[in-house]
Protein chains: 2
Amino acid sequence: MGKHGDADLGGRPPGMTDVARVAGVSAQTVSRALAGHPNVQEKTRAKVLAAVDQLGYRRNNAARMLSSGRSRTIGVVTLQTNFYSRAAVTSGIENTARESGYAVSTATTTSLDTYAIENALSRLADQGVEGIILSVPLIHSSSRIEQLTRSTPTVTIDGSRTDATAILAIDQAQAARTATQHLLDLGHETVWHISGPAEWLESAQRRDGWQAALEAAGRTVPPPLEGDWSPGSGYRNGLVLARIPDVTAIFVASDEMAFGVIRALHEAGLRVPDDISVVGFDDIELAEYCSPSLTTIAQPFEHMGALAVTHLLRRIEAPGPLPEPRSVEPRLVVRASTATAPRR
Amino acid sequence: MGKHGDADLGGRPPGMTDVARVAGVSAQTVSRALAGHPNVQEKTRAKVLAAVDQLGYRRNNAARMLSSGRSRTIGVVTLQTNFYSRAAVTSGIENTARESGYAVSTATTTSLDTYAIENALSRLADQGVEGIILSVPLIHSSSRIEQLTRSTPTVTIDGSRTDATAILAIDQAQAARTATQHLLDLGHETVWHISGPAEWLESAQRRDGWQAALEAAGRTVPPPLEGDWSPGSGYRNGLVLARIPDVTAIFVASDEMAFGVIRALHEAGLRVPDDISVVGFDDIELAEYCSPSLTTIAQPFEHMGALAVTHLLRRIEAPGPLPEPRSVEPRLVVRASTATAPRR
DNA sequence: AGAGACATTGGCATCGATAACATTCTCTGC
DNA sequence: GCAGAGAATGTTATCGATGCCAATGTCTCT
């Protein structure tokens with residue numbers, strides 16, 4: 001027989017009944033054969049598959065979905081940025097979903113405000129996703145968000161917990177403590193901090209961890225500066241810190257900002273790490289090639305995405321009590337941007 | 001009346017007939033009212049909207065799609081990487097699609113081989129997308145790819161042209177010529193090149209542009225080195241170039257590799273730009289904060305994504321002859337990593 | 001041999017919305 | 001005052017696959 005799509009039917013794509021006719025069975029049997037249902041004779045299944053192949057048949061997703069009520073699609077709400085972290089998490093999500101036979105529909109939002117997030121969630125709901133991964137820091141919930149997440153299994157990454165949502169977080173505070181402690185261990189009297197924007201949960205958590213570490217060691221806590229994750233904001237804050245004589249160690253809440261900080265320090269004639277040590281956060285690929293290479297906190301982003309999907313699919317398949325919030329451990333990567341405190 | 005979802009019907013989500021009943025009209029009228037059809041009295045439309053609101057009704061996408069044959073979804077095939085460029089293009093696509101009322105379904109592929117791309121395309125086809133944006137460099141086509149792209153309007157970004165595909169490209173060769181010429185203008189005798197991996201179209205185009213510029217100026221063309229876009233590969237190639245005495249100018253095919261190159265040069269005791277000038281490609285956000293800040297080629301990635309969608313929607317709505325291939329101009333951004341050639 | 005247990009298959013209603021066609025109603029112009 | 005255009009709405013068939021139930025067919029056990 002021909003390879004594909006021969007034996008035609010007026011140009012329109014072949015349907016299940018067409019396959020059934022060619023295979024000499026009922027449409028129902030075709031459905032079962034294709035779904036891998038056990039009660040179909042091997043011989044029959046073979047006939048069906050042959051017919052499918054001959055006609056170049058593909059199941060119609062819309063019809064399937066309508067009839068079965070299942071879409072085999074999960075939705076991801078994510079912030080539209082070029083941040084390494086978001087891209088990495090999304091990678092992990094897509095891989096794992098694909099392997100499990102689920103499609104991924106993404107709804108990006110340009111801002112973090114409640115309304116924008118509601119919108120993204122709505123769009124996903126309209127597409128009939130079976131589960132949602134909220135990969136945005138969710139500051140304020142709203143009744144609408146609560147409602148949407150209640151009616152669809154949802155896993156939140158790195159956010160605050162709403163009632164209906166399982167949560168998956170990287171322990172930011174712990175990581176920040178580790179970073180800070182690393183600097184203290186090197187003999188620095190205290191550690192300064194440049195945080196992310198106030199409205200991000202991660203910012204607060206990292207700031208808290210930093211502060212906790214300092215307090216635990218009985219050191220003074222300098223006033224934190226605030227950036228917006230961008231290298232530019234790091235640069236501007238770096239210029240400020242370069243003017244303050246006491247500064248010997250800085251914990252920066254993201255690698256990109258750290259690049260900016262280091263550049264500002266250089267321009268001010270300060271050497272890193274000889275005069276000032278810098279620790280970043282994220283371990284972006286370029287961190288190793290900064291000069292000096294950047295000591296930072298590596299976060300298992302892809303793993304996180306993968307975990308989120310696993311979690312979500314379990315919830316979809318066996319709706320039950322929420323699994324325990326689970327957190328994943330970040331890791332300190334020591335490179336060349338940190339050294340023992342300069343002698344005073 | 002209550003706000004939402006009161007007046008319930010056995011827990012199942014409200015359908016169009018439910019809305020129709022509440023509004024006291026036929027289901028068809030509801031459909032028309034919601035679709036913004038002109039021939040509906042204002043009063044009627046208002047009644048419908050009120051009922052929709054009261055029941056918390058949402059259109060069922062699967063049913064819509066089945067019935068109308070339209071999915072209002074476009075598919076994007078993209079390579080799974082954390083490269084800035086891909087993320088930026090995707091951003092542009094998503095924004096524009098959203099504004100035009102289309103959903104975006106992404107199919108990532110982990111490799112560039114034909115089979116992987118066929119797979120990604122299939123997955124999208126199964127979801128019934130109305131159009132496809134191929135945002136991967138497509139080296140070898142295949143009959144299956146031809147077939148899939150023929151049956152669905154497709155726009156290729158930065159790829160080679162298949163018969164059924166409209167193409168949208170950044171003029172890489174031109175950009176590479178500009179970059180190379182910039183270095184020649186600064187008095188460098190010749191320019192070395194670190195390219196991307198051989199199987200990427202962009203690599204070849206950038207390399208060709210570089211070579212053309214050198215030949216046009218009657219300079220010798222040094223053997224090009226090959227990287228894999230990663231900073232690490234730039235570093236390794238940088239170590240090699242640092243050993244070659246004549247090298248005074250390097251055109252690197254991506255910013256990330258350029259970071260690696262600069263670091264390698266530093267380690268070898270060479271100063272940038274005093275001893276060696278470096279030009280990158282992409283203008284990632286960090287380029288400005290490299291030390292020295294990186295001269296590079298800025299590409300309008302987001303704009304590109306947006307353009308792709310516009311293009312695609314036009315083709316979906318008015319299938320006709322393929323629009324002319326269109327290319328967008330990149331721009332040279334001069335920063336501190338390039339300077340006049342050192343005196344010999 | 002007869003009765004049930006089980007495997008395999010087909011028939012038909014159904015999911016929720018839309019398209020095509022039919023119908024009613026309201027004007028306009030002669 | 002009436003034909004006929006055109007607006008507003010309703011009726012019915014249909015999209016393609018699946019779920020439920022019934023109808024066979026096959027096997028095993030007494």
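Below, read A as the first sequence line, B as the second, and so on, with proteins coming before strands; counting in each chain starts at 1.
Distance NZ (B/Lys43) to P (C/dC25): 14 Å, rounded to an integer number of Å. In this structure, A/Asp18 atom CG and D/dC15 atom P are separated by 11 Å, rounded to whole Å. One can place CZ of A/Arg70 at 19 Å from C1' of C/dG16, the figure rounded to the nearest angstrom. When rounded to the nearest whole Å, the span between CE of A/Met65 and P of C/dA17 equals 12 Å. A/His37 places its NE2 atom 18 Å from the P atom of D/dA17, with the value rounded to the nearest Å. When rounded to the nearest whole Å, the span between CG of A/Leu55 and P of D/dG16 equals 14 Å. Put simply, CG on B/Asp126 is 11 Å from P on D/dA17, counting in whole angstrom units. Protein atom CD of B/Gln41 is 10 Å distant from nucleotide atom C1' of D/dT9, rounded to whole Å.
Between B/Ser67 and the phosphate of C/dA17, there is no side-chain N or O to OP1/OP2 separation shorter than 4.0 Å. OP1 or OP2 of D/dA8 has at least one side-chain nitrogen or oxygen of B/Asn39 nearer than 4.0 Å. Contact check, B/Ser68 against C/dA17: no side-chain N or O comes under 4.0 Å of OP1 or OP2. When the side-chain nitrogen and oxygen atoms of A/Thr29 are compared with OP1 and OP2 of C/dT9, none of them lie within a distance under 4.0 Å. Phosphate contact (OP1/OP2 of D/dT9, side-chain N/O of B/Thr44, threshold under 4.0 Å): present.
Using a 4.0 Å cut-off between a side-chain N of Lys or Arg and a carboxylate O of Asp or Glu, A/Arg12 and A/Asp18 qualify as a salt bridge. Note on A/Arg72 versus A/Glu130: no salt bridge recorded, every NZ/NE/NH1/NH2 to OD/OE distance being 4.0 Å or above.
When all heavy atoms are compared, the tightest approach of A/Arg45 to A/Ala33 is NH1-O, 3.2 Å.
Residue A/Gln28 is in base contact, counting any heavy-atom pair closer than 4.0 Å across all strands shown. Contacts of A/Val30 with the nucleic acid, taken as non-hydrogen atoms under 4.0 Å apart, are absent.
The base of D/dG10 is paired with the side chain of B/Arg32 by a donor and an acceptor separated by under 3.5 Å.
Interatomic distance, CD1 of A/Ile132 versus OG1 of A/Thr73, reported as 12.0 Å (0.5 Å rounding). Distance check: B/Arg123 CZ to B/Glu118 CD gives 12.0 Å after rounding to the nearest 0.5 Å.
Nearer the 5' end of DNA chain D, as judged by each residue's closest nucleotide, is the contact made by B/Ala27, out of B/Leu66 and B/Ala27.
The listed nucleotides are D/dG16, D/dT11, C/dA17; the one nearest the side chain of A/Asn60 is D/dG16. Of the candidate nucleotides C/dA17, D/dT9, D/dT18, C/dA17 has the atom nearest to the side chain of B/Tyr57.
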